[in-house]
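Structure, as structure tokens:
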Amino acid sequence: MREHQGDQSRSGLIRSQSRMAADLADAAELGSASFGEFLRHRLVFANSEHLSPDIDSYYDSLPAPEGGGGTISDKEGLRRAGLGVYLFCHYAERWGSTRDAPSGDCADTLLCDPRDRANTLLGAPHVRSLLFDLYEVDEEFRQDQLTLHKVGTTSFILKMSSTSAAYALKIIKPWYFDDDVIAQQTRDYKNAYGYLESVIPGHFANIHTSNRSCIVMDFIEGITLRELFQSAEFAAVSRPNTSRTGNSLVSVMTDLCSLLSRCSSYDRPTFHGDLSTTNILVQPPSMKMYLIDFGTNYLLTRPVGTAEERSKVSYLMSNGVEERVASGDLFRVGIILAEGLLGQEFANERAPAIVDHIYSRYPSIGFFMDTLFLHASRSQTTAEDGGTFTYRALSEDLEKEFAALANAEAEREQRKLGIVDDLSLLVSPINLTQTFGFFQDVFNKI
């Protein structure tokens, strides 16, 4: 009886999966908006939740599209492709939520490594083709190799590559397809920031196209500034260090201030809007710096809210004060300096708490950062205030602070060496002999 009930349950699961695959195919046929709406309701977001391995098996059991390659000309092929995109989104989101190594007790190794499973799905031509179609990626940029690179708050970053080219494809997560604020910002990305690489060459990705759901740009090899700050090599030579070579923190901050100054002082002043250690790339060993992922950071109350909720969306600096983007960038420079000094993230902490962290280790720099945050939080901050003068002065002041800190530490080390020298004189063989002779004379007189 139990076996019979198990068979019934299995049959019900297969029917349920079959219905979902058919619904996915219908939604994909209707276009990206319908597909995104479907995923918004059906995709599992909670990291603690796991899809049944049976749904992967069901995907594998569906027939490949007729004609081979990435062409999808039949309904069954579209069902498989739609389910493949659905599964990719699930595993990509799960990898972005955890980033931790899987435990060794998983029953299915594919489910243990969500990024590997996501890339396996992207390797299927029909899944890749449907993804390109849903996001309306221009034919000239579609590449044979597509892999998951990064996961952001509202987007997935994919690497499209071939033997002759490599592009970064930023795609909006499907459940954000109907968010007008994100759609407009994504569509206008090329017009807003595409000129930067031509006027300040060598520090920005060349942007090829952007529409309401994706951006295509050159892929830049490198590591994020956060990865650099958290590396053992950087910690060993850079906290604090006034050297202008290698991985020193003062060199990184000076280069960043110089780059921000050039952006904000150009004829068409541009501010980043979402400056963070994850949106700055560096290329060791030269430490050449790139700014990526421009645009105001919108904090949504939920993945896709109601129209009323979206109308209340605004840009918030990390100190919780609604500000202009110029002052927001300046504030974030302080956050980046704090992460570099202490080697830890300050994603959700307020300015006073961050300054307290710095004060406990480096009092003079803590005072410097307190002044920086105060300036950034002033409501009258303008583009001019956040431009050339501020960043140039900030860079100069920061170098002075680090130089003073290094001198103070050198003096302390010198005093320590002086104390050691005094002690060594006391215990040297000659002084010990003299001291012993003195006490022996005193003893003989007694």
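One is the number of the first residue; the rest follow in order along the sequence.
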What are the two closest non-hydrogen atoms of Met369 and Gly334, and how far apart are they?
CE-O, 3.1 Å
If you compare all heavy atoms of Tyr58 against all heavy atoms of Ser61, which two are closest, and at what distance to 0.1 Å?
O-OG, 2.6 Å
Step through it carefully: locate the ring centre of Phe271, locate the ring centre of Phe294, and say whether they are under 6.0 Å apart.
no
Taking C-beta and beyond as the side chain, do Thr254 and Leu398 meet within less than 4.5 Å on heavy atoms?
no
Nearest-0.5 Å distance that lies between atom CZ in Arg212 and atom OG in Ser32:
7.5 Å
List the steps and the verdict of side-chain contact (heavy atoms from CB on, under 4.5 Å) for Leu169 and Phe141.
CA-CA 9 Å; Leu169 174 63; Phe141 300 113; over 6 Å; no
Do Leu158 and Phe88 come within less than 4.5 Å of each other through their side chains, counting heavy atoms only?
yes
Gap separating the CD1 atom of Ile354 from the CG atom of Leu341, nearest 0.5 angstrom
12.0 Å
Quick check on the 6.0 Å ring-centre criterion: do His149 and Phe219 meet it?
yes
Minimum-distance pair of heavy atoms, taken over all atoms of Val355 and Gly366
CG1-O, 3.6 Å
Keeping the roles fixed (side chain from Asp179, backbone from Ile182), state whether a donor-acceptor pair exists under 3.5 Å.
yes
Below 3.5 Å, can you tabulate the donor-acceptor pairs from side chains in residues 275-283 to any protein atom, sequence neighbours excluded?
{"from": "Ser276", "atom 1": "OG", "to": "Thr278", "atom 2": "N", "distance (Å)": "3.4"}
{"from": "Ser276", "atom 1": "OG", "to": "Thr278", "atom 2": "OG1", "distance (Å)": "2.9"}
{"from": "Ser276", "atom 1": "OG", "to": "Asn279", "atom 2": "N", "distance (Å)": "3.4"}
{"from": "Thr277", "atom 1": "OG1", "to": "Arg226", "atom 2": "NE", "distance (Å)": "3.0"}
{"from": "Thr277", "atom 1": "OG1", "to": "Arg226", "atom 2": "NH2", "distance (Å)": "3.3"}
{"from": "Thr277", "atom 1": "OG1", "to": "Glu339", "atom 2": "OE1", "distance (Å)": "3.0"}
{"from": "Asn279", "atom 1": "ND2", "to": "Asp274", "atom 2": "O", "distance (Å)": "2.8"}
{"from": "Asn279", "atom 1": "ND2", "to": "Asp274", "atom 2": "OD2", "distance (Å)": "3.4"}
{"from": "Gln283", "atom 1": "NE2", "to": "Glu221", "atom 2": "O", "distance (Å)": "2.8"}

Would you please test Arg262 and Ile200 for side-chain contact (heavy atoms from CB on, under 4.5 Å) and show each step?
CA-CA 8 Å; Arg262 294 172 69 186; Ile200 311 175; 3.2 Å; yes
Where the side chain of Asn119 meets the backbone of Leu148, is there a donor-acceptor pair that is under 3.5 Å apart?
yes
If I compare all heavy atoms of Cys89 with all of Trp175, which pair ends up nearest, and what's the gap?
CB-CZ3, 4.1 Å
Minimum heavy-atom separation for Glu197 to Gly202, with atom names?
OE2-N, 3.0 Å
Taking side chain as C-beta onward, heavy atoms only, is Leu337 less than 4.5 Å from Phe368?
yes
Gap between atom CG of Leu256 and atom OG of Ser395 - 0.5 Å precision
9.5 Å
Using a strict cut-off of less than 4.0 Å between a Lys/Arg side-chain nitrogen and an Asp/Glu carboxylate oxygen, indicate whether Asp255 and Lys288 qualify as a salt bridge.
no
CA sep, side-chain torsions, deciding dist, call: Tyr391, Ser258, side-chain contact (heavy atoms from CB on, under 4.5 Å)
CA-CA 7 Å; Tyr391 286 118; Ser258 174; over 6 Å; no
Heavy-atom check, side chain of Lys173 versus side chain of Val151, under 4.5 Å
yes
Can you confirm if the NZ or CZ of Arg80 lies within 45° of the ring axis of Tyr59 and under 6.0 Å from the centre of its six-membered ring?
yes
Side chains of Tyr86 and Met20: does their closest heavy-atom pair fall under 4.5 Å?
yes
For the backbone of Leu260 and the side chain of Ser264, can you confirm whether one donor and one acceptor N or O come within less than 3.5 Å of each other?
yes
Check: Ser261 side chain, Arg392 main-chain N or O, donor-acceptor pair, under 3.5 Å:
no
Of the non-hydrogen atoms in Val252 and Met289, which two are nearest, and what is the gap between them?
O-CE, 3.6 Å
Under the 3.5 angstrom rule, does the side chain of Gln230 hit a backbone N or O of Gln344 as a donor-acceptor pair?
no
Tyr290 ring center within less than 6.0 Å of Phe204 ring center
no
Are any side-chain N or O atoms of Asp329 and backbone N or O atoms of His272, one a donor and one an acceptor, separated by less than 3.5 Å?
yes
Taking the side chain as every heavy atom from C-beta outward, state whether Thr209 and Met217 have any pair of such atoms under 4.5 Å apart.
no
Under the ring-ring contact (aromatic ring centres under 6.0 Å, His included) test, residues paired with Phe35 that sit two or more places apart:
none
To the nearest 0.5 Å, what is the distance between CG on Leu394 and SG on Cys257?
4.0 Å
Taking only Lys NZ, Arg NE, NH1 and NH2, and the carboxylate oxygens of Asp or Glu, determine whether Arg142 and Asp133 approach each other closer than 4.0 Å.
yes
Can you find a heavy atom in the side chain of Leu196 that is under 4.5 Å from one in the side chain of His203?
no
What do the steps show when you test Ser213 against Arg187 for side chain to side chain donor-acceptor pair (under 3.5 Å), and what is the final call?
CA-CA 7 Å; Ser213 62; Arg187 183 184 61 241; over 6 Å; no
So, Gln143 and Ser162: side-chain donor and acceptor under 3.5 Å apart, yes or no?
yes
Within a strict 4.5 Å, meaning less than it, do heavy atoms of the Val181 and Tyr176 side chains meet?
no
So Arg117 and Glu93, salt bridge (Lys or Arg N to Asp or Glu O under 4.0 Å) or not? Walk me through it.
CA-CA 12 Å; Arg117 182 55 173 162; Glu93 182 74 356; over 6 Å; no
Main chain of Ile207, side chain of Asp218: is a donor-acceptor contact present, judged purely on distance under 3.5 Å?
no
Name the residue from Leu121, Leu24, Val127 that meets the side chain to side chain contact (heavy atoms under 4.5 Å, CB included) definition with Leu87.
Leu121
Interatomic distance, CD1@Ile157 vs NZ@Lys150, rounded to 0.5 Å, equals 10.0 Å
Go through it in stages, so that I can follow the logic: the residues are Lys190 and Ile215, the test is side-chain contact (heavy atoms from CB on, under 4.5 Å), and I'd like the CA-CA distance, side-chain angles, deciding distance and then a yes or no.
CA-CA 8 Å; Lys190 178 176 171 59; Ile215 302 168; over 6 Å; no
Looking at Ser155 and Gly152, would you say the former's side chain and the latter's main chain have a donor-acceptor pair under 3.5 Å?
no
Could you label the plane-to-plane angle of the Phe373 and Phe331 rings as parallel, tilted or perpendicular, counting under 30° as parallel and over 60° as perpendicular?
tilted
Straight-line distance of Arg128 CZ to Gln145 CD, nearest 0.5 Å:
8.5 Å
Are Asp138 and His208 close enough that a side-chain donor and a side-chain acceptor fall under 3.5 Å?
no
